[in-house]
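Contents: one structure, followed by commentary.
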Amino acid sequence: MQSRMEEGKDPAALRTTLSRPFPLRLLKFFLVFLVIGLGASFLSMYMIRHFGIHNVALIQSTIKPCFEQPVTIESWIRPPSSLLHTMNDTELFWRATFAPRIKSYPFKRTPKIAFMFLTKGPLPMAPLWEKFFKGNERLYSIYVHSLPSYSVDFPSSSVFYRRQIPSQVAEWGMMSMCDAERRLLANALLDITNEWFILLSESCIPLQNFSIVYRYISRSRYSFMGAVDEPGPYGRGRYDENMAPEINMSDWRKGSQWFEVNRQLAVRIVADITYYPKLKEFCVPHKCYVDEHYFQTMLTINTPHLLANRSLTFVDWSRGGAHPATFGKDDIKEEFFKKILQDQTCLYNNQPSSLCFLFARKFAPNALGPLLDIATKTLGI
């Protein structure tokens, strides 16, 4: 009878009876989940209240991505992708004077010449320099310091394209001029492959082709900066006794502003904090012109054995006055360059040489056309 009654039960009622335990088990699961969630919430609120939200942010900041770029030697030696930066001079000079104590490089290094142009605005001789640099891209770098107000507009095909550094006003005869020169050196030092540094103006031209210039500079045992002990009012007469004891009368030197120095001396110039304050305070126009004395005196005191004591840039002072002669289109003749290129005598690595100048100034913008006409025949460019 009971068997028949069970056989006669409604199958739907049977399924309902069998499924009754499941809601209770599910309810227990949700209760456990709720307790864990509430516990986590209270714990989080407690940590924020007692340890601060910044600590939580700090913990989150320590989470690193799954994949990181490995630190390689290339990441240390790679030159800046852009010359524009936000460093002030103090930060820039500090960064630029990093120098390895081990002199042998653990990578293949092709030393370059840094050509540093100190200008007021445009570079009228740019087309001639373009011819000079062509085909030697691995052996040079270019840096331009112009007035901040000047808007540079070189085409992307130019070697001067995006080669301007963050600049400040540089006044003739003032320490701001030397600041600009140090700024150029510091920016060039950021590229570890720059080994030699040449200071040029917008009125400078090359007198030789690039191969001769590179060979001459790279094989020299000396840096080229004029530093002479000149008697009279325009030499020793500019010395101020307040510069002692850092600078004595016997140390005082004068020379051309336009120089070439190696990397070791470039670092010294940028790193200097000993002579700068003295010259800034006591070498002021119109009594003294600091760009003719600062680096010349400092390097004579510290590294006289590394100086050739002459400049590589030809300048004509024969006409007298406070500024050298300016050459225009009528001066551009083969006889003019023969005088500069052949009728000279100097020492190169302590041996007599007739090749004394690699650059010349001052050339007016209207001289560009004639210069381009004779560049190949006379200058080898």
Side-chain angles (χ1 to χ4, degrees), residues 69-85 92 95-117 126 128-145 154 156-165 181-200 204 206-225 258-271 303 306-308 312-313 348-349 355 358-359 379-381:
Q69 285 281 21
V71 177
T72 62
I73 188 66
E74 285 76 14
S75 65
W76 286 92
I77 65 175
R78 188 183 302 116
S81 58
S82 172
L83 298 187
L84 299 179
H85 55 75
L92 172 65
R95 173 62 184 87
T97 51
F98 286 2
R101 300 295 295 272
I102 300 176
K103 297 306 178 183
S104 59
Y105 293 89
F107 55 90
K108 185 178 180 181
R109 177 179 182 262
T110 301
K112 297 186 298 186
I113 300 176
F115 291 82
M116 309 179 301
F117 291 85
L128 182 63
W129 284 106
E130 298 270 4
K131 290 174 64 70
F132 171 79
F133 288 121
K134 187 175 181 180
N136 299 283
E137 288 71 19
R138 294 176 56 253
L139 301 176
Y140 71 84
S141 302
I142 295 174
Y143 302 85
V144 180
H145 185 295
F154 287 109
S156 58
S157 58
S158 171
V159 296
F160 296 100
Y161 181 65
R162 292 183 177 177
R163 301 310 300 174
Q164 286 66 42
I165 67 170
E181 295 171 12
R182 296 175 81 199
R183 201 172 294 123
L184 278 163
L185 284 170
N187 278 277
L189 281 168
L190 296 180
D191 186 342
I192 193 67
T193 60
N194 287 330
E195 185 62 30
W196 306 283
F197 305 78
I198 301 173
L199 182 67
L200 302 160
C204 284
L207 293 175
Q208 305 288 343
N209 62 46
F210 187 92
S211 296
I212 292 176
V213 170
Y214 188 89
R215 190 183 313 119
Y216 195 95
I217 291 175
S218 62
R219 294 182 179 180
S220 175
R221 297 198 295 268
Y222 303 98
S223 289
F224 295 90
M225 179 177 291
W258 313 102
F259 60 77
E260 179 276 325
V261 294
N262 63 20
R263 190 173 185 90
Q264 177 187 348
L265 298 189
V267 170
R268 278 187 174 272
I269 291 173
V270 174
T303 54
L306 297 180
L307 298 181
L312 293 177
T313 302
Y348 177 75
N349 286 338
L355 180 55
L358 303 181
F359 313 98
L379 306 179
I381 300 174

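Residues Leu265 and Phe197 form no side-chain contact, since every pair of their non-hydrogen atoms from C-beta on lies 4.5 Å or further apart. Between Val213 and Phe359, some side-chain heavy-atom pair lies under the 4.5 Å cut-off.
For Thr110, the side chain to side chain contact (heavy atoms under 4.5 Å, CB included) criterion is met by Arg138, Leu139, not counting sequence neighbours. Annotation: side chain to side chain donor-acceptor pair (under 3.5 Å) contacts of Asn194 (sequence neighbours excluded): Ser141, Tyr143. Residues satisfying the ring-ring contact (aromatic ring centres under 6.0 Å, His included) test with Phe117, not counting sequence neighbours, are Trp129, Phe160. Annotation: side chain to side chain donor-acceptor pair (under 3.5 Å) contacts of Tyr216 (sequence neighbours excluded): Arg310. Evaluation of the ring-ring contact (aromatic ring centres under 6.0 Å, His included) rule for Trp196 yields Tyr214 as partners, not counting sequence neighbours. Among residues two or more places apart in sequence or in another chain, the side chain to side chain donor-acceptor pair (under 3.5 Å) test is passed with Ser158 by Glu130. Remark: Arg221 pairs with no residue by the salt bridge (charged side-chain N to carboxylate O under 4.0 Å, His left out) rule, at least two apart or across chains. Annotation: side chain to side chain contact (heavy atoms under 4.5 Å, CB included) contacts of Gln164 (sequence neighbours excluded): Val144, Val152, Phe154. Arg183 pairs by the salt bridge (charged side-chain N to carboxylate O under 4.0 Å, His left out) definition with Asp89, not counting sequence neighbours. A search for ring-ring contact (aromatic ring centres under 6.0 Å, His included) contacts involving Tyr161 returns nothing, not counting sequence neighbours.
In this structure, the separation between CG on Asn209 and CZ on Phe132 is 7.5 Å, given to the nearest 0.5 Å. Atom CZ in Phe107 sits 8.0 Å away from atom OG1 in Thr193 (nearest 0.5 Å). The CD1 atom of Ile142 lies 10.5 Å from the NZ atom of Lys112; values are rounded to the nearest 0.5 Å. Taking NE2 from His85 and CG from Leu92, the interatomic distance works out to 5.0 Å, rounded to the nearest 0.5 Å. We find the CG-CD distance between Leu355 and Gln208 to be 5.0 Å, quoted to the nearest 0.5 Å. To the nearest 0.5 angstrom, Arg182 atom CZ is 9.0 Å from Ile269 atom CD1.
Between Ile381 and Pro206, the shortest heavy-atom distance links the atoms CD1-CG, 3.6 Å. Closest of all the heavy-atom pairs between Leu190 and Ala96 is CD2-CA, 4.1 Å.
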Inset, instruction - Would you please test Ile217 and Ile198 for side-chain contact (heavy atoms from CB on, under 4.5 Å) and show each step? - result: CA-CA 10 Å; Ile217 291 175; Ile198 301 173; 3.3 Å; yes
Legend entry - Stepwise side-chain contact (heavy atoms from CB on, under 4.5 Å) test for Leu83 and Arg163: CA-CA 7 Å; Leu83 298 187; Arg163 301 310 300 174; 3.6 Å; yes
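Ring orientation note: the planes of Phe224 and Tyr348 are close to parallel, at an angle under 30° on the 30°/60° scale.
Counting only residues at least two apart or in different chains, side chain to side chain donor-acceptor pair (under 3.5 Å) contacts with residues 258-270 are absent. Legend: salt bridge (charged side-chain N to carboxylate O under 4.0 Å, His left out) pairs involving residues 97-109, not counting sequence neighbours, sorted by first then second residue: Arg109-Glu195.
Remark: side-chain polar atoms of Asp191 are not paired, donor with acceptor, to backbone N or O of Leu189 under 3.5 angstrom.
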